[in-house]
Number of protein chains: 2
Amino acid sequence: MASPSASVQAPSGAIHTVRQYLTGLQSRITAAVTAMDGTPFLVDHWTKPAGEKLQGNGITQILEGGPVFERAGCGFSHVTGPQLPPSATQHRPELAGAPFEAMGVSLVFHPRNPYVPTVHMNVRMLAATPAGGEPVCWFGGGMDLTPYYGFEEDAVHFHRTCRAALAPFGDDKYPRFKQWCDQYFFLKHRNEPRGVGGVFFDDFSELGFDNSFAMMSAVGDAFVDAYMPIAERRRHLPYGERERAFQLYRRGRYVEFNLVWDRGTHFGLQSGGRSESILLSMPPLVSWSYNHQPEPGSAEHRLYSEFLVPRDWA
Amino acid sequence: MASPSASVQAPSGAIHTVRQYLTGLQSRITAAVTAMDGTPFLVDHWTKPAGEKLQGNGITQILEGGPVFERAGCGFSHVTGPQLPPSATQHRPELAGAPFEAMGVSLVFHPRNPYVPTVHMNVRMLAATPAGGEPVCWFGGGMDLTPYYGFEEDAVHFHRTCRAALAPFGDDKYPRFKQWCDQYFFLKHRNEPRGVGGVFFDDFSELGFDNSFAMMSAVGDAFVDAYMPIAERRRHLPYGERERAFQLYRRGRYVEFNLVWDRGTHFGLQSGGRSESILLSMPPLVSWSYNHQPEPGSAEHRLYSEFLVPRDWA
């Protein structure tokens with residue numbers, strides 16, 4: 001069996017197949033959101049101008065100002081570059097500087113109601129061609145949930161849906177990827193997790209091309225079931241200025257994570273990616289205030305003490 | 001004459017002298033702000049808990065929710081660390097990994113009225129002790145202005161005040177530091193300057209200790225004259241929802257710069273600095289929206305076409 005960091009050769013037509021899957025996934029997810037929200041997404045097809053370092057195209061879809069979703073971005077992108085960045089080759093020195101091709105779907109939904117959690121999902125494939133070699137490829141992905149007010153049943157449902165999606169690919173996958181998610185979505189400068197986690201994996205090809213692709217697809221396909229029922233059961237809960245203020249404050253953590261720690265955001269912005277597409281993840285409205293400390297025993301305090309802690313949710 | 005990157009030995013008592021200057025500067029600036037705003041600053045004395053990587057203390061001062069200033073943070077900090085980070089020793093390989101001491105005053109003021117520009121100022125001293133050697137030190141600092149709606153006379157006044165402050169230290173200083181500021185406060189991912197600039201310098205010791213310290217002090221001392229008259233003449237201008245929305249949108253650029261590009265913020269957050277003090281620079285309320293394009297000919301468009309361009313303001 002191949003080592004976890006080995007990549008596999010992409011069969012002929014793989015790029016086309018994966019692209020078809022990803023654009024289809026994007027369409028299905030945005031359709032599900034519009035069905036709930038009643039607001040269509042703006043659909044922006046873009047192509048990187050010739051002459052830029054990264055070449056490629058994408059479909060940025062965004063819904064702003066809806067009754068359920070204050071800002072929901074869901075982007076597909078497909079780019080090629082002359083050389084893999086160091087951050088992508090730390091486990092693959094043989095690919096350092098190789099030409100690469102990357103495609104993925106990435107989404108972040110910021111709901112209006114503070115009782116509805118923010119959610120992130122991403123699935124992606126990378127392919128690289130080492131000098132004198134055949135193209136090799138690997139997969140990454142995951143999803144994670146960031147509540148403002150915690151509900152145990154939401155966190156449990158989200159994690160169980162992730163676990164069920166991964167089960168056909170081996171019982172080890174969910175626990176490994178759950179832990180990886182907890183480690184990745186962590187604000188070191190706050191010593192605080194971003195939310196209640198979910199699953200995260202990267203550099204994945206250990207099941208061979210077909211099954212690794214199938215696993216990535218299973219995660220993408222599980223998104224609507226993992227998240228939309230949570231949004232549905234919380235979106236009508238009444239809330240007031242206090243809950244709204246806490247939501248805006250906590251959204252600041254999302255900004256801090258994505259701009260300070262997220263490798264994808266950072267690499268994208270620094271390497272010439274399309275800023276407006278990368279920054280789909282930014283919340284519509286955010287606040288910062290000095291040294292906010294929730295009152296002990298309050299619902300806001302419970303977020304920190306009961307939800308932003310490592311837990312076995314599934 | 002020493003080369004620009006050479007550092008100088010700190011005379012006996014220098015740390016104490018510089019600290020006295022900096023805490024005094026912080027007091028004078030916050031007093032000037034309170035005199036205008038009518039709101040006192042919250043004053044938070046902090047000490048890093050024993051056992052952390054960085055040791056030290058500071059005085060964080062912050063005013064939130066004032067009639068003129070929606071969030072105005074002005075921090076003094078004085079820390080020591082076991083080894084200089086690589087980002088601080090790129091021009092000084094002989095100091096790589098040396099124990100260091102750093103102190104400074106840093107401020108960012110976010111006014112409520114969109115016609116009043118946001119401003120940033122920082123003055124700092126670093127001292128390091130190479131293995132087997134004497135402590136050496138150097139200075140850095142600067143200030144820069146970020147309008148939402150541009151006024152030529154404001155940019156001119158700000159730059160001329162900076163130029164006058166630096167004039168006693170050589171005619172080359174203002175043009176050098178103005179250009180350095182333009183280069184530093186630039187959002188590469190937007191291909192856009194942060195604002196109309198000002199002055200910025202780092203690694204400075206070429207005038208010897210006394211005069212380099214005097215130059216840093218001249219910049220700090222000029223802040224109140226450079227900025228407060230601008231705030232005074234704009235703070236009563238009437239504005240509406242449109243101007244407020246544009247201000248919140250443009251504040252997003254401030255967040256993007258500080259969290260993605262600013263070396264000080266990044267280093268501080270990643271190295272164990274005090275998050276709440278480092279993030280004093282964050283705006284109180286910020287918005288993001290997709291692909292905002294101001295209407296040609298509008299006041300918002302003029303910000304981009306006439307102010308966020310390289311200009312000789314002084």
Side-chain angles (χ1 to χ4, degrees), chain A residues 41-44 46 52 60-65 70-75 108 110 187-192 245 248-249 251-262 265-293, chain B residues 41-44 46 52 60-65 70-75 108 110 187-192 245 248-249 251-262 265-293:
Chain A
F41 279 71
L42 180 155
V43 181
D44 198 352
W46 53 268
E52 295 203 5
T60 291
Q61 297 205 37
I62 184 150
L63 180 169
E64 292 182 309
E70 200 173 339
R71 189 166 202 239
C74 183
V108 173
H110 291 287
L187 286 77
K188 295 200 190 89
H189 66 288
R190 301 280 190 184
N191 193 30
E192 195 180 286
L248 298 193
Y249 171 75
R251 282 176 176 172
R253 298 292 209 277
Y254 221 81
V255 174
E256 292 173 22
F257 180 82
N258 283 17
L259 298 186
V260 175
W261 297 105
D262 186 59
T265 302
H266 238 248
F267 168 70
L269 292 178
Q270 299 201 341
S271 69
R274 187 172 183 267
S275 296
E276 286 293 331
S277 300
I278 296 165
L279 296 172
L280 285 185
S281 63
M282 292 293 103
L285 195 65
V286 192
S287 72
W288 273 271
S289 63
Y290 182 69
N291 214 10
H292 176 79
Q293 303 286 353
Chain B
F41 279 71
L42 179 157
V43 181
D44 198 353
W46 53 267
E52 295 203 4
T60 292
Q61 297 204 36
I62 184 150
L63 180 168
E64 292 181 309
E70 201 174 338
R71 190 166 200 238
C74 183
V108 173
H110 290 288
L187 286 78
K188 295 198 189 92
H189 66 288
R190 300 281 191 182
N191 194 31
E192 196 179 285
L248 297 193
Y249 172 75
R251 282 176 176 172
R253 299 293 210 273
Y254 220 81
V255 174
E256 292 173 22
F257 180 82
N258 283 18
L259 297 187
V260 176
W261 298 105
D262 186 59
T265 302
H266 239 249
F267 169 70
L269 292 179
Q270 298 201 342
S271 70
R274 187 173 183 267
S275 296
E276 286 293 330
S277 300
I278 296 165
L279 296 172
L280 285 184
S281 63
M282 292 293 102
L285 196 65
V286 192
S287 72
W288 272 271
S289 62
Y290 182 70
N291 214 9
H292 176 79
Q293 303 287 353

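Below, read A as the first sequence line, B as the second, and so on, with proteins coming before strands; counting in each chain starts at 1.
Partner of A:Tyr290 under the side-chain contact (heavy atoms from CB on, under 4.5 Å) criterion, chosen from B:Leu279, B:Leu280, B:Leu63: B:Leu280. Evaluated for a side-chain hydrogen bond (donor to acceptor under 3.5 Å, both in side chains) with B:Glu276, the options A:His292, A:Arg190, A:His189 yield exactly one hit, A:Arg190.
For B:Tyr249, the side-chain hydrogen bond (donor to acceptor under 3.5 Å, both in side chains) partners two or more places apart in sequence, or in a different chain, are B:Arg253. With sequence neighbours excluded, the residues that form a side-chain hydrogen bond (donor to acceptor under 3.5 Å, both in side chains) with A:Ser281 are A:Asn258.
Residue with the most contacts toward chain A among B:Val286, B:Val255, B:Leu42: B:Val286 (heavy-atom pairs, distance under 4.5 Å). The residue among B:Thr60, B:Leu259, B:Asp44 with the most heavy atom pairs within less than 4.5 Å of chain A is B:Leu259. When the candidates B:Leu269, B:Asn191, B:Leu187 are compared by the number of heavy-atom contacts under 4.5 Å with chain A, B:Leu269 comes out ahead. Comparing A:Arg251, A:Lys188, A:His266 by heavy-atom pairs within less than 4.5 Å of chain B, the highest count is held by A:His266. With chain B as partner, the option from A:Asn291, A:Ile62, A:Thr265 having the largest number of non-hydrogen pairs under 4.5 angstrom is A:Asn291.
In terms of heavy-atom proximity, B:Glu64 sits nearest to A:Trp288 at OE2-O, 4.1 Å.
Note that OG of A:Ser287 and CG of B:Leu248 are 11.0 Å apart. Values are rounded to the nearest 0.5 Å.
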